[in-house]
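Everything on this sheet refers to the single structure shown next.
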Amino acid sequence: QVQLVESGGGLVQAGGSLRLSCAASGTIFSLYAMSWYRQAPGKERESVARIPFTGTSTYADSVKGRFTVSRDKAKDTVYLQMNSLKPEDTAVYYCNAEATGIYDPNITYDFWGQGTQVTVSS
C-alpha cells in the first residue's frame, strides 16, 4: 500500500510563491513517477507537472517557467515550487504516484494524496 501526505498549501497574494510537498511511503509497490494535478471549481482536473524517477520532467503549458517539480530520493518526497502565482492558479492540488506491484511488475497502479487548497488573491 502507498500513502501520500501533502503539505504546503495556503493563501498567497498574486505574484507570490508557495512550495508544496508530497511524501510517499509503501513497501509492496515500486514507484516510478510522481505528478501534481489541480482542479478548480467548474474546471476539469489537469496535470500540472510530472517527474519520472528516470528521464525528464514535464509541465503543463500554463505553468512552464513558473513552477518547478523536484524530488528528494532519500526522503521519497516530491516538491512543487510555485512562483509568480496568479489568481487562475487557485485550485485544489493533488499529489499522484505511479507504481508497479513488487510481485507483479507488469501491473501498474495510481495513488492519490488528500489534496491541498491553494488560493491566490488578486
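Heads up: numbering here begins at 1 and tracks the sequence.
In this structure, Leu31 and Phe53 have side chains that are in contact, with non-hydrogen atoms separated by less than 4.5 Å. At least one side-chain heavy atom of Met34 sits less than 4.5 Å from a side-chain heavy atom of Cys95. Using a 4.5 Å heavy-atom cutoff, the side chains of Leu20 and Trp36 are in contact. Using a 4.5 Å heavy-atom threshold, the side chains of Tyr94 and Thr116 count as separate. A heavy-atom distance below 4.5 Å is found between the side chains of Thr100 and Tyr32. Residues Val78 and Glu6 have side chains not in contact (no heavy-atom distance under 4.5 Å, counting atoms from C-beta outward).
Gln117 contributes atom CD, which lies 12.0 Å from atom CZ of Arg38 (distance to the nearest 0.5 angstrom).
The two atoms that bring Gln39 and Ala91 nearest to each other are O-CB, 3.5 Å, heavy atoms only. The two residues Thr90 and Val120 make their nearest non-hydrogen contact at OG1-N, 2.9 Å. What you find for Ser84 and Asp89 is that their closest heavy atoms are O-OD2, 4.4 Å. Between Ala49 and Tyr59, the shortest heavy-atom distance links the atoms CB-CD2, 3.7 Å. Residues Asn83 and Ser17 share a closest heavy-atom pair of OD1-OG, 2.9 Å. Here the closest non-hydrogen pair linking Leu4 and Gly113 is CD1-N, 3.6 Å.
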Listed pairs under 3.5 Å, donor-acceptor, residues 103-110 side chains, sequence neighbours left out:
none

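Aromatic ring pairs are classed by plane angle as parallel below 30°, tilted from 30° to 60° and perpendicular above 60°; the pair Tyr93 and Phe67 is tilted.
With Gln114 contributing its side chain and Val5 its backbone, the two residues share no donor-acceptor pair below 3.5 Å.
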Next item on the list: Please report the C-alpha distance between Val118 and Leu18 in whole Å, then the side-chain angles of each, then the deciding distance to 0.1 Å, and finally whether the side chain to side chain contact (heavy atoms under 4.5 Å, CB included) criterion is met.
Entry: CA-CA 9 Å; Val118 172; Leu18 285 173; 3.8 Å; yes
Note to self: Show, in sequence, the C-alpha distance, side-chain angles and deciding distance for Arg50 and Glu98, and conclude whether the side chain to side chain contact (heavy atoms under 4.5 Å, CB included) test is met.
What the structure shows: CA-CA 10 Å; Arg50 180 176 184 268; Glu98 300 167 61; 2.8 Å; yes
Margin query: Using the rule given for side chain to side chain contact (heavy atoms under 4.5 Å, CB included), can you reason through Leu80 versus Thr68, listing the C-alpha separation, both sets of side-chain angles and the distance that settles it, and then say yes or no?
Written below: CA-CA 6 Å; Leu80 184 67; Thr68 303; over 6 Å; no
Checklist line | Intermediate values then yes/no, side chain to side chain contact (heavy atoms under 4.5 Å, CB included), Tyr37 and Glu46 | finding: CA-CA 6 Å; Tyr37 287 75; Glu46 64 173 339; 6.0 Å; no
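Hydrophobic clustering (side-chain heavy atoms under 4.5 Å, transitive across Ile, Leu, Val, Met, Phe, Trp, Tyr) groups Phe111 together with Val69.
Applying the salt bridge (Lys or Arg N to Asp or Glu O under 4.0 Å) definition to pairs two or more places apart or across chains, none involves residues 69-86.
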